[in-house]
*Asks:* 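Let me begin by handing over the structure; questions about it come next.
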Amino acid sequence: MSWKATRMFHVKHRDSDASRNQSPNPASADSNKGAAAAGGSAREQQITSLTPDNHGGELQVDGLRPENLVEVFGDRAPLAERYAQWLETAGIQRGLIGPREVPRIWDRHIMNSAVLEEIIEDGERVIDVGSGAGLPGIPLAIARPNVKVQLLEPLLRRTKFLEEVVEDLGLDNVEVHRGRAEEKAIVRKLAGADVVTSRAVAPLGRLCQWSLPLARVGGQMRALKGSSVAEELERDKAQIDKVGGGKRSVVELGEGVLEESTFAVIVEKAR
């Protein structure tokens, strides 16, 4: 497999996942994964139409473009810029990302997610579990138009946001699905993926319970995690074994791209 990632190793730091890869949307953590009602709440259905085009002022993210934007996204860099604008406008208004995250939208969220492409092969089908505001799925889809990305999210207001962003950016390699990874109907519909990914969604053992059933045998969960992931692998070993987890490793991503590298845990589906 011709991954660009250069180092695979076990990490023994004690930094928490939250300090390195905190989700831009606190409700995308596992504590809130079951919060969606069948039709969505009244609040979810009363969403105004703030977009990058009608925000009424200058956008902070436009002045924070990273110098290596084109290096990561190539000629699709304008799509990444447009996505950043969506996060700063509708993303904040709808509670998908906090206002204090705006100065960090590029480095902590978009670029941090985009480096996942270092371990994704051309033509693979990737499911982003608990996608929230589209992280890491949308940056991955922008960086790699030859990869099919399926965004899986249970909450109505988030799936509406994702659908609007995907349509506005013209991402024909992206699908949005509403549901929870553990639902039987979702497993029947989406199972067999080459890769199942996520970012700051749940502890590793539970994440494997949700992710591995969606992968094909021989496929992998490749999830963005903090530098304490090696400790999680040891802690949750029995739980991972129980759900069919096979070979597992940790990869460092983003060297030379991010100010601080991030990490992905890779767990193969053995059965």
*Asks:* With no hydrogens and no angle check, is any side-chain donor or acceptor of Arg180 less than 3.5 Å from a backbone partner on Gly130?
*Replies:*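 Checking the backbone N and O of Gly130 against the side chain of Arg180, no donor-acceptor pair under 3.5 Å is found.
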
*Asks:* Kindly give the heavy-atom pair with the smallest separation between Ala143 and Val72, and that separation in Å.
*Replies:*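 Closest pair (atom of Ala143, atom of Val72, distance): CB-O, 4.0 Å.
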
*Asks:* Under the side chain to side chain contact (heavy atoms under 4.5 Å, CB included) criterion, do Leu224 and Leu253 qualify, and how do the steps go?
*Replies:* CA-CA 9 Å; Leu224 294 174; Leu253 304 175; 3.8 Å; yes

*Asks:* So which heavy atom on Phe161 is nearest to which on Gly91, and how close?
*Replies:*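 Of all heavy-atom pairs spanning Phe161 and Gly91, the closest is CE1-N, 3.7 Å.
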
*Asks:* If you compare all heavy atoms of Gly245 against all heavy atoms of Val267, which two are closest, and at what distance to 0.1 Å?
*Replies:*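 Minimum heavy-atom separation between Gly245 and Val267: CA-CG1, 3.9 Å.
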
*Asks:* Going from NZ on Lys242 to CG on Leu212, what distance comes out if it is rounded to the nearest 0.5 angstrom?
*Replies:*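 Atom-to-atom, Lys242:NZ and Leu212:CG are 14.0 Å apart.
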
*Asks:* Tell me, do Asp241 and Lys237 make a side-chain contact under 4.5 Å, heavy atoms counted?
*Replies:*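 Side chain of Asp241 against side chain of Lys237, heavy atoms only: contact under 4.5 Å found.
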
*Asks:* Do Val174 and Leu151 make a side-chain contact, defined as non-hydrogen atoms from C-beta onward lying under 4.5 Å apart?
*Replies:*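 In contact.
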
*Asks:* Please check: side-chain N/O of Glu153 versus main-chain N/O of Thr159, any donor-acceptor pairing under 3.5 Å?
*Replies:*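 The answer is no, because no donor-acceptor pair under 3.5 Å joins these two groups.
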
*Asks:* Output yes when Glu163 and Lys160 qualify as a salt bridge under the 4.0 Å nitrogen-oxygen rule, no when they do not.
*Replies:*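 Result for this pair is no, no salt bridge flagged.
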
*Asks:* Do Gln150 and Glu175 meet the criterion of a side-chain donor-acceptor pair at a distance under 3.5 Å?
*Replies:*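 A donor-acceptor contact under 3.5 Å links the two side chains.
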
*Asks:* Using a 4.5 Å cut-off on heavy atoms from C-beta on, say whether the side chain of Asp128 contacts that of Leu152.
*Replies:*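 With C-beta onward as the side chain, the pair stays apart.
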
*Asks:* As an exercise, state the distance from CG of Leu204 to CD of Glu234, rounded to the nearest 0.5 Å.
*Replies:*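 One gets 11.5 Å once the value is rounded to the nearest 0.5 Å.
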
*Asks:* Just verifying a value: how many Å separate Glu118 CD and Glu252 CD, rounded to the nearest 0.5 Å?
*Replies:*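 Result: 9.5 Å between the selected atoms.
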
*Asks:* Check Leu135 against Pro139 and note the closest heavy-atom contact, atom names and distance.
*Replies:*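 Closest pair (atom of Leu135, atom of Pro139, distance): CD2-CG, 3.8 Å.
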
*Asks:* For a side chain to side chain contact (heavy atoms under 4.5 Å, CB included) check, start with the C-alpha distance between Ile127 and Val195, then their side-chain angles and the critical distance, and finish with the verdict.
*Replies:* CA-CA 6 Å; Ile127 300 174; Val195 177; over 6 Å; no

*Asks:* Can a donor-acceptor pair be found, under 3.5 Å and without considering hydrogens, that links the side chain of Asp236 to the backbone of Gly205?
*Replies:*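 Yes; judged by distance alone, with no hydrogens or angles, the pair exists.
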
*Asks:* Tell me whether Glu167 at atom CD has more than 12 heavy atoms from other residues, nucleotides or ligands lying less than 6.0 Å away.
*Replies:*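 Open.
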
*Asks:* Are any of the side-chain heavy atoms of Arg216 and Asp194 separated by less than 4.5 Å?
*Replies:*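 Arg216 vs Asp194: side chains touch.
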
*Asks:* I would like to know whether Ile110 and Phe73 meet side chain to side chain contact (heavy atoms under 4.5 Å, CB included); could you show each step before the answer?
*Replies:* CA-CA 11 Å; Ile110 297 178; Phe73 293 103; 3.9 Å; yes

*Asks:* OG/Ser211 to CD/Glu182 distance, rounded to the nearest 0.5 angstrom?
*Replies:*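 With rounding to 0.5 Å, OG (Ser211) is 10.5 Å from CD (Glu182).
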
*Asks:* Could you tell me whether the side chain of Asn173 and the main chain of Lys148 form a donor-acceptor pair under 3.5 Å?
*Replies:*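 It does not hold such a pair.
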
*Asks:* Specify the closest pair of heavy atoms between Leu214 and Val187, including all atoms of both residues, with the distance to one decimal.
*Replies:*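 That would be CD2-CA, 3.8 Å.
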
*Asks:* Flag the pair Arg144 and Glu117 as a salt bridge only when some basic side-chain nitrogen lies within less than 4.0 angstrom of an acidic carboxylate oxygen.
*Replies:*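 Result for this pair is yes, salt bridge flagged.
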
*Asks:* Where the side chain of Trp86 meets the backbone of Thr51, is there a donor-acceptor pair that is under 3.5 Å apart?
*Replies:*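 Between the backbone of Thr51 and the side chain of Trp86 there is no qualifying donor-acceptor contact (under 3.5 Å).
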
*Asks:* A side-chain contact here means heavy atoms from C-beta on lying under 4.5 Å apart; do Ile120 and Val126 qualify?
*Replies:*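 Side chain of Ile120 against side chain of Val126, heavy atoms only: contact under 4.5 Å found.
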
*Asks:* Is Ser131 close to Leu162 at the side-chain level, that is, under 4.5 Å between some pair of heavy atoms?
*Replies:*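 Counting from C-beta outward, Leu162 and Ser131 do come under 4.5 Å.
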
*Asks:* I'd like to know if the side chain of Arg125 and the backbone of Gly123 have a donor-acceptor N/O pair within less than 3.5 Å.
*Replies:*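 Not at all, since once roles are kept as given, no pair shorter than 3.5 Å links the two residues.
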
*Asks:* Run Arg82 and Asp53 through salt bridge (Lys or Arg N to Asp or Glu O under 4.0 Å) and show every step you take.
*Replies:* CA-CA 10 Å; Arg82 180 70 170 179; Asp53 294 326; 2.8 Å; yes

*Asks:* Minimum heavy-atom separation for Val165 to Ile138, with atom names?
*Replies:*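 For Val165 and Ile138, the tightest heavy-atom pair comes out as CG1-CD1, 3.8 Å.
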
*Asks:* Any chance you could lay out the side chain to side chain contact (heavy atoms under 4.5 Å, CB included) test for Arg199 and Ser113, step after step, and finish with the verdict?
*Replies:* CA-CA 8 Å; Arg199 180 174 181 264; Ser113 295; 3.6 Å; yes

*Asks:* With distance as the sole test, does Glu124 use its side chain to make a donor-acceptor pair with the main-chain N or O of Glu121 at under 3.5 Å?
*Replies:*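 Such a contact is found between Glu124 side chain and Glu121 backbone.
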
*Asks:* If we ignore hydrogens and angles and just use 3.5 Å, is the side chain of Arg94 paired with the main-chain N or O of Arg157 as donor and acceptor?
*Replies:*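 No: the side chain of Arg94 does not pair with the backbone of Arg157.
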
*Asks:* Mind checking the CZ-CD spacing from Arg188 to Glu183? Nearest 0.5 Å is all I need.
*Replies:*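 Result: 10.0 Å between the selected atoms.
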
*Asks:* If you measure only the distance, is there a donor-acceptor pair under 3.5 Å linking the side chains of Asp62 and Gln85?
*Replies:*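 A pair is found: one side chain offers a donor N or O, the other an acceptor, under 3.5 Å apart.
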
*Asks:* Between Glu232 and Lys225, is the closest basic N to carboxylate O distance under 4.0 Å?
*Replies:*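 Result for this pair is yes, salt bridge flagged.
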
*Asks:* Measuring from atom OG1 of Thr262 to atom CG of Leu116, what distance do you get when rounded to the nearest 0.5 angstrom?
*Replies:*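 Between Thr262 OG1 and Leu116 CG, I get 9.5 Å after rounding to 0.5 Å.
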
*Asks:* Tell me, do Thr197 and Pro136 make a side-chain contact under 4.5 Å, heavy atoms counted?
*Replies:*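 The answer is yes; the side chains approach within 4.5 Å.
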
*Asks:* Are any of the side-chain heavy atoms of Ile105 and Leu64 separated by less than 4.5 Å?
*Replies:*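 Answer no - side chains too far apart.
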
